[in-house]
Structure formats: C-alpha cells, structure tokens
Student: 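The structure that follows is given in the form of structure tokens.
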Number of protein chains: 2
Amino acid sequence: MNIGEVAERAGLPPKTIRYYEDIGLIRPLRSDNGYRAFQKNDLHKLAFLGRARALGFSIEDCRTLLALYDDGTRESAQVKQIAEEHLHQIDEKIAQLKSMRNTLAHLVEACHGDHRPDCPILEDLSNANVD
Amino acid sequence: MNIGEVAERAGLPPKTIRYYEDIGLIRPLRSDNGYRAFQKNDLHKLAFLGRARALGFSIEDCRTLLALYDDGTRESAQVKQIAEEHLHQIDEKIAQLKSMRNTLAHLVEACHGDHRPDCPILEDLSNANVD
DNA sequence: GTAATGGTTCCAGTTGCTGGAAGCTCAAGA
DNA sequence: TCTTGAGCTTCCAGCAACTGGAACCATTAC
C-alpha cells in the first residue's frame with residue numbers, strides 16, 4: 001500500500017504519517033521506487049495511533065502504548081496506569097476550563113454589548129492588584 | 001522600574017515580558033544603561049495581559065483587547081463579541097474533553113490492571129475498522 | 001508526448017513561551 | 001579598590017504535534 005491508501009484507511013493525513021515515521025513510531029518498508037510500502041501491520045499501528053491520539057494521549061504515551069501492544073508479556077497494570085494518569089490530566093484540564101468558563105460567562109453576561117464604551121469585561125481585566 | 005520588579009508585581013516571568021515586548025504588546029522605554037524602564041502604564045498593561053491570558057484569550061485576542069482598552073471610542077459590543085467567541089471555543093474544548101474522558105473512564109474501569117497481559121484498553125485502541 | 005496525480009525530501013512556520021549561553025551593569029562587602 | 005553576585009541584555013534553540021510549501025521524481029491515462 002502507498003501512503004495515500006493508508007492515509008485514507010487509517011484516517012490520518014499523509015503528512016502526519018510521514019511525521020510518525022520521522023519520530024520512529026512506525027518503520028514502513030520501501031519499494032524500489034522509493035515509495036513507502038506499508039504492510040497490514042503498519043496500517044493497524046497507524047489506526048491505533050489515530051485512536052490513541054483522539055483520546056488525547058501524548059505522542060510519548062502512544063509510543064509506550066504501542067510498545068506494550070507489541071509486547072505479549074506486558075502487564076495490563078502498565079497500560080492502566082498510563083490511562084489513569086492521562087484521565088487525571090484530562091480532569092484537571094476540564095476543571096481549569098470550567099473555571100475560566102465560569103468567570104468569562106459572568107463577564108459576558110454583565111456586558112451590555114452596545115455602542116457605548118463602558119465594559120465590565122475590560123474593567124475586570126484591568127483591575128489587577130499591582131501594588 | 002526594572003524588569004524584575006515589574007515581573008514580580010505583574011506576576012509574569014521576565015522572559016514572558018521580554019517576549020511580549022518582542023511581539024509588540026508593550027513598548028517600554030529604555031534607560032541609559034540599556035535596561036528596560038517600565039512606567040506604571042506598562043505595568044498595568046502587563047497585569048491586564050496576565051489576567052486575559054489566565055482566562056485563556058489568545059495572544060492575538062489580547063492584542064485586540066488591549067487596543068480596545070486603550071481606545072476611548074470603543075463600543076462594548078466589540079469586546080463582548082471577542083469574549084463570546086472565546087467562550088464558545090472553551091465550551092467546545094470542554095465538550096471534547098468530556099467525551100474523551102467518558103470513553104477513557106470506561107476503558108480504565110474495564111481494565112483489571114494486574115499482571116496479566118489482556119487489556120480492554122489496548123483492545124479498544126486496536127479495534128479500529130481499517131478495511 | 002504530455003499532463004495530472006501522487007509520491008519524495010527538506011525547510012519553515014504555527015502557539016506561547018522557556019532554557020541556556022555569553023556578556024554587560026550595578027550595588028555591597030573585604 | 002577590587003571582587004563577587006545578582007540582575008540585566010541579546011540571541012539562539014527547543015518544546016508538541018503537526019502543517020504548508022517548494023522542488024523534484026514516478027506512475028498512469030489519454
């Protein structure tokens with residue numbers, strides 16, 4: 001398979017696939033013409049990567065997960081730990097965003113949003129205690 | 001004021017302040033020795049920036065907000081629009097993270113996480129439909 | 001033969017800083 | 001007065017995870 005077909009089937013842009021090879025996540029063979037010659041295994045790895053990335057795992061997490069996937073002697077605890085840590089980070093991110101959202105929503109609500117210049121949003125932003 | 005004091009008072013690292021000058025968010029004067037000589041106005045702008053960044057506004061949004069802040073003839077509607085768009089983006093981000101969190105939480109729960117190799121998390125990641 | 005499509009590499013840019021090196025300035029102590 | 005240390009300067013490189021574009025080669029269809 002050439003990169004175009006693999007990209008289509010794995011749901012990843014060719015650029016991303018080349019990048020994943022660059023950083024050593026996959027190692028596709030080469031045809032005589034220099035084209036990458038993807039095997040089924042490469043395709044599955046790419047799909048795996050796409051899925052893991054969609055769940056927000058970092059590239060380094062993906063590298064580890066892929067290695068565990070390839071390793072028949074893995075312990076599921078290793079996988080679970082990575083996933084739990086990631087889950088925790090997601091929770092933190094959500095909490096942070098909710099806090100932003102909360103503040104911002106109040107400010108937006110307080111701003112009449114018309115042609116006049118006075119604006120509670122700008123007032124809030126400029127009201128830092130700086131002394 | 002030198003950069004150290006301003007950094008302290010605005011709650012931003014000196015590196016960040018230099019960076020903000022680099023990209024034209026502030027334009028502090030210079031002393032004869034070449035040191036940046038910050039005025040009160042600079043300090044207020046930096047605090048404004050710190051606050052806006054903490055609410056997740058992009059640097060470009062910050063640039064616009066700062067310009068509106070400086071512009072007595074602004075209309076609050078302009079500010080409100082930026083804030084509303086940002087709020088909307090935050091909402092989208094939260095929704096996306098919640099969806100990830102949801103999937104991931106189910107997987108983590110399903111994984112017994114012991115010394116055995118079988119793992120629902122890896123199974124899910126590798127179960128992409130690729131044909 | 002030629003044109004379109006799809007490969008290849010390499011370099012640069014994105015966002016918002018952050019770290020580090022090399023060197024200058026200033027204030028305080030021996 | 002000399003020195004030491006802190007604090008300032010600039011500049012370059014790197015982070016994450018791609019993405020865009022240029023320049024060029026290969027394949028395929030007409």
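No experiment lies behind these values; they were computed from the predicted model shown. Letters A, B, ... mirror the listed sequences (proteins, then strands); counts begin at 1.
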Student: Taking five pairs at each end, how big is the angle between the two axes of the helix from dG1(C)-dC30(D) to dA30(C)-dT1(D), to 10°?
Tutor: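 Computed from the C1' atoms at both ends, the axes differ by 30°.
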Student: Which whole-number value in Å describes the distance from I3(B) CD1 to dT25(C) P?
Tutor: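 Checked: the CD1 to P distance equals 17 Å.
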Student: For the pair made of CG in L29(A) and P in dT8(C), what is the distance, rounded to whole Å?
Tutor: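 One finds 13 Å between P of dT8(C) and CG of L29(A), rounded.
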Student: Against E21(B), only a single residue in K15(B), R36(B), K45(B), R27(B) fulfils salt bridge (Lys or Arg N to Asp or Glu O under 4.0 Å); can you say which?
Tutor: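 Going through the options one by one, the only one that passes is R36(B).
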Student: Roughly how many Å is it from CZ in R63(A) to P in dA16(D), rounded to a whole number?
Tutor: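 Whole-Å distance recorded here is 10 Å.
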Student: Let me know the distance between CG of N2(B) and C1' of dT9(D), rounded to the nearest Å.
Tutor: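 In whole Å, dT9(D) C1' lies 11 Å from N2(B) CG.
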Student: With heavy-atom distances below 4.5 Å as the criterion, would you say the side chains of L43(A) and F38(A) are in contact?
Tutor: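 L43(A) vs F38(A): side chains apart.
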Student: For R116(A), does its backbone N or O pair with a side-chain atom of S76(B) as donor and acceptor, under 3.5 Å?
Tutor: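 Here the side-chain-to-backbone pair exists.
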Student: Keeping N2(B) on the side-chain end and G4(B) on the backbone end, is there a donor-acceptor pair under 3.5 Å?
Tutor: no
Student: Just by modelled atom types, is the L65(B) backbone N or O under 3.5 Å from a matching donor or acceptor in the R74(B) side chain?
Tutor: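 It does not hold such a pair.
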Student: Please determine whether a side-chain nitrogen or oxygen atom of R36(A) lies at a distance below 4.0 Å from atom OP1 or OP2 of dT8(C).
Tutor: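 Result: yes.
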Student: Hey, does the side chain of D42(A) reach the backbone of Q39(A) with a donor-acceptor pair shorter than 3.5 angstrom?
Tutor: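 Here the side-chain-to-backbone pair exists.
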Student: Quick check: is M1(A) connected to L25(A) through a chain of hydrophobic side chains (ILVMFWY, heavy atoms under 4.5 Å apart)?
Tutor: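 Both belong to a single hydrophobic cluster.
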Student: Enter the distance from N41(A):CG to I26(A):CD1 here, rounded to the nearest 0.5 Å.
Tutor: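 Those atoms lie 10.5 Å apart.
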Student: Donor-acceptor check, side chain of D70(A) to backbone of A67(A), threshold 3.5 angstrom: yes or no?
Tutor: no
Student: Can you check each nucleotide of nucleotides 12-20 of chain C against protein heavy atoms at under 4.0 Å and return B for base, S for sugar-phosphate only, - for none, in 5' to 3' order?
Tutor: ----BBSBB
Student: What does nucleotides 24-30 of chain D look like as a protein-contact string, B for base, S for sugar-phosphate only, - for none, at under 4.0 angstrom between heavy atoms?
Tutor: --BS---
Student: I need the CZ-P distance between R18(B) and dC12(D), as an integer number of Å.
Tutor: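 From R18(B) CZ to dC12(D) P: 16 Å.
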Student: Using the test side chain to side chain contact (heavy atoms under 4.5 Å, CB included), find all partners of E8(A) that sit at least two apart in sequence or belong to another chain.
Tutor: none
Student: S31(B) side chain to G34(B) main-chain N or O, any donor-acceptor pair under 3.5 Å?
Tutor: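 Not at all, since once roles are kept as given, no pair shorter than 3.5 Å links the two residues.
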Student: Do S126(B) side-chain atoms and L122(B) backbone N/O form a donor-acceptor pair below 3.5 Å?
Tutor: yes
Student: Go through residues 39-51 of chain A and report each residue with a non-hydrogen atom lying under 4.0 Å from DNA chain D, sorted by number.
Tutor: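 Listed by number, there are none.
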Student: Hey, which of these two, D32(B) or E21(A), hits DNA chain C nearer its 5' end, going by closest nucleotide?
Tutor: E21(A)
Student: Which atom pairs, one a donor and one an acceptor, fall under 3.5 Å between side chains of residues 82-94 of chain A and the rest of the protein, sequence neighbours left out?
Tutor:
unit_1	atom_1	unit_2	atom_2	d
E85(A)	OE2	Q81(A)	NE2	2.9
H86(A)	NE2	L55(A)	O	2.7
H86(A)	NE2	G56(A)	O	3.3
H86(A)	NE2	F57(A)	N	3.4
H88(A)	NE2	E92(A)	OE2	3.2
D91(A)	OD1	R101(B)	NH1	2.6
D91(A)	OD2	R101(B)	NH1	2.7

Student: Distance check needed: dT5(C) C1' versus E8(A) CD, whole Å only.
Tutor: 15 Å
